There are 2 protein chains.
Amino acid sequence: MLLRTTCNSVLRVTSDRLYSRAMSNTAIKHLRDMEDALRADGMRITRQRVAILSVLAEANDHPDADEVHRRTKQVDPSVSLATVYRTLSVLENHGVVHRLTFEGGGARFETADAPHHDHIIDVDTGAVVEFHSDKIERLQAEIAAELGYDVVHHKLELYCRKR
Amino acid sequence: MLLRTTCNSVLRVTSDRLYSRAMSNTAIKHLRDMEDALRADGMRITRQRVAILSVLAEANDHPDADEVHRRTKQVDPSVSLATVYRTLSVLENHGVVHRLTFEGGGARFETADAPHHDHIIDVDTGAVVEFHSDKIERLQAEIAAELGYDVVHHKLELYCRKR
DNA sequence: TGACAGTTGCAAATCGTTCGCATAAGCAAT
DNA sequence: ATTGCTTATGCGAACGATTTGCAACTGTCA
Ligand SMILES: [Mn+2]
Ligand SMILES: [Mn+2]
Ligand SMILES: [Zn+2]
Ligand SMILES: [Zn+2]
């Protein structure tokens, strides 16, 4: 049973507990949008999926599966790591999240609501900065076209050091 | 004991066997260059390293560790997979090979002698095409600079489909 | 030809991720 | 609400790629 109040919070009623968590309006809208995307594809909206989606909706970084699990457990301690992995894969397949595979360490995730961008990774601190270049995107398509290809998706990562 | 003839081949004498293999002039030169790079850094030129280097010098594709091992065993069946992994890491650390991490599957390798290029991966066939764009390289540096960074290295992969 | 430090093969360990299976729980129709 | 069908879950074991501990081996240089 899931109730949404009008005052920027999500109440979740489980058999023996009641959770309440403050979320921004935009995060709540984002959460609803992702739920709807799943529902539209006939996926079930489970307690664990809502917990995971709410974590992703709030994140403004690029957490790995373990970090998503850690945060999700603060919403619902019963969610298992296996379910986090399964859910992230489901969400990826439905175009709701993107999987990022930076050098070293496991996959990292971000929601797919923001417009396309690529990443700078600070090799010293691990900090991630987002950027977008229409010029580069256009050049990629041109180069592929010259070789007889269409770009399905691409990966552009700049491993950098503060100058 | 390692002998090089003048006629495009490498003879390798081991305790109980004599191998002979045809290699192109350029591959032999390439092999020597890589050996020298290791020697210059005080690394030992072992039988297994020469075998692996000769495989890499001849390769014009992007084999993974297992494929390097398979090819190396045809030169010297005693080389273990662990040594292949260790050697590839050593070569990477000495700037002699590059490690590529395309989506799905393990790391793949290529020698670092060719000028810098990026990769198109055919999502249907797995075929890899190399390309280079000075414009893109320049734009990457400009974007990083605007954000206060120097590019240490980067990854640009275009996952494409034949049009 | 030593002597020593670097290298190897082997098997076991690691790490991130996936899987099988029995149980739990969405969801739509009653 | 209750039912019934089907999907999702938690657990732990399995997985695949890569790394590592260790004892034996071998380049290298004096
Ligand atoms: Mn991002
Ligand atoms: Mn290449
Ligand atoms: Zn892009
Ligand atoms: Zn490049």
Side-chain angles (χ1 to χ4, degrees), chain A residues 1-3 12-17 35-36 38-53 62-70 72-73 75-94 96-97 99-109, chain B residues 1-3 12-16 35-36 38-53 62-70 72-73 75-94 97 99-109:
Chain A
M1 182 185 193
L2 179 72
L3 303 172
R12 186 166 307 101
V13 181
T14 68
S15 51
D16 58 351
R17 241 173 243 256
E35 275 184 38
D36 292 344
L38 288 190
R39 241 188 297 267
D41 281 343
M43 301 278 100
R44 293 180 181 175
I45 308 305
T46 63
R47 184 169 47 83
Q48 336 6 27
R49 284 180 179 172
V50 173
I52 293 167
L53 282 175
H62 304 82
D64 61 16
D66 224 62
E67 178 61 23
V68 173
H69 185 219
R70 195 170 301 118
T72 300
K73 279 190 294 189
V75 178
D76 182 337
S78 76
V79 179
S80 75
L81 180 57
T83 291
V84 169
Y85 272 108
R86 278 188 287 236
T87 300
L88 287 170
S89 289
V90 166
L91 297 176
E92 185 189 17
N93 292 335
H94 289 262
V96 169
V97 309
R99 180 185 301 261
L100 307 172
T101 52
F102 300 151
E103 288 181 359
R108 302 170 69 162
F109 301 85
Chain B
M1 180 185 193
L2 181 71
L3 303 172
R12 185 168 307 101
V13 181
T14 69
S15 51
D16 57 350
E35 274 184 37
D36 291 344
L38 288 190
R39 240 188 297 265
D41 281 344
M43 302 274 97
R44 292 183 182 173
I45 307 305
T46 64
R47 183 169 47 82
Q48 341 358 31
R49 285 179 177 170
V50 173
I52 293 167
L53 282 174
H62 304 83
D64 62 15
D66 224 62
E67 178 61 24
V68 172
H69 185 218
R70 196 169 301 116
T72 300
K73 280 190 293 190
V75 177
D76 182 337
S78 75
V79 179
S80 75
L81 180 56
T83 292
V84 169
Y85 273 108
R86 278 188 287 235
T87 300
L88 287 170
S89 290
V90 165
L91 296 176
E92 184 189 17
N93 292 335
H94 288 263
V97 310
R99 180 185 302 261
L100 307 173
T101 52
F102 300 151
E103 288 181 359
R108 302 171 67 161
F109 301 86

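This structure is a prediction, so every number in the text was calculated from the model and none was measured. Each chain gets a letter, A, B and so on, in the order the sequences are listed, and its residues count up from 1. All values below were derived from every heavy atom in this structure, side-chain atoms included, with hydrogens, water molecules and symmetry-related copies excluded.
- Between the side chain of A/R47 and the base of C/dG26 there is no donor-acceptor pair of N/O atoms closer than 3.5 Å.
- A sub-4.0 Å separation between OP1 or OP2 of C/dG6 and a side-chain N or O of B/T46 is absent.
- Proximity of B/S80 to the phosphate of C/dC10: no side-chain N or O atom is located under 4.0 Å from OP1 or OP2.
- The CG-P distance, from A/D64 to C/dT17, rounds to 7 Å in whole Å.
- There is a side-chain donor-acceptor pair under 3.5 Å between A/S78 and A/R47.
- In this model, a side-chain donor or acceptor of A/R44 finds a partner on the base of D/dT6 within 3.5 Å.
- A donor-acceptor contact under 3.5 Å is not formed by the side chain of B/R39 with the base of D/dG27.
- When rounded to the nearest whole Å, the span between CG of B/L81 and P of D/dT20 equals 14 Å.
- For the atom pair B/S80 OG and B/Y85 OH, the distance stands at 11.5 Å (nearest 0.5 Å).
- Residue B/M43 places its side chain closer to C/dT7 than to any other of C/dT7, D/dA8, C/dT8.
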(message) Evaluate B/E103 against A/R99 for side chain to side chain contact (heavy atoms under 4.5 Å, CB included), listing each step before the verdict.
(response) CA-CA 10 Å; B/E103 288 181 359; A/R99 180 185 301 261; over 6 Å; no
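- Going from atom CZ of A/R108 over to atom C1' of C/dT17 covers 17 Å, rounded to whole Å.
- As a whole-Å value, the separation of B/D66 CG from D/dT19 C1' is 15 Å.
- Taking the side chain of B/I45 as heavy atoms from C-beta on, and the options D/dT28, D/dT9, C/dC19, the nearest nucleotide is D/dT28.
- Across the protein-nucleic acid pair, B/H94 atom NE2 and C/dG6 atom C1' stand 12 Å apart, rounded to whole Å.
- Across the protein-nucleic acid pair, A/D41 atom CG and D/dT6 atom P stand 19 Å apart, rounded to whole Å.
- When each of A/A65 and A/Q48 is assigned the nucleotide of DNA chain C bearing its nearest heavy atom, the one mapping closer to the 5' terminus is A/A65.
- Look at CZ on B/R49: it is 4 Å from P on C/dT7, rounded to the nearest Å.
- Residue A/Y85 places no side-chain N or O under 4.0 Å from the OP1 or OP2 atom of C/dT18.
- For the atom pair CG (A/D66) and CZ (A/R70), the distance works out to 5.0 Å, reported to the nearest 0.5 Å.
- For the pair B/L38 and B/L53, the minimum side-chain heavy-atom distance is below 4.5 Å.
- Look at CG on A/L38: it is 15 Å from P on D/dT7, rounded to the nearest Å.
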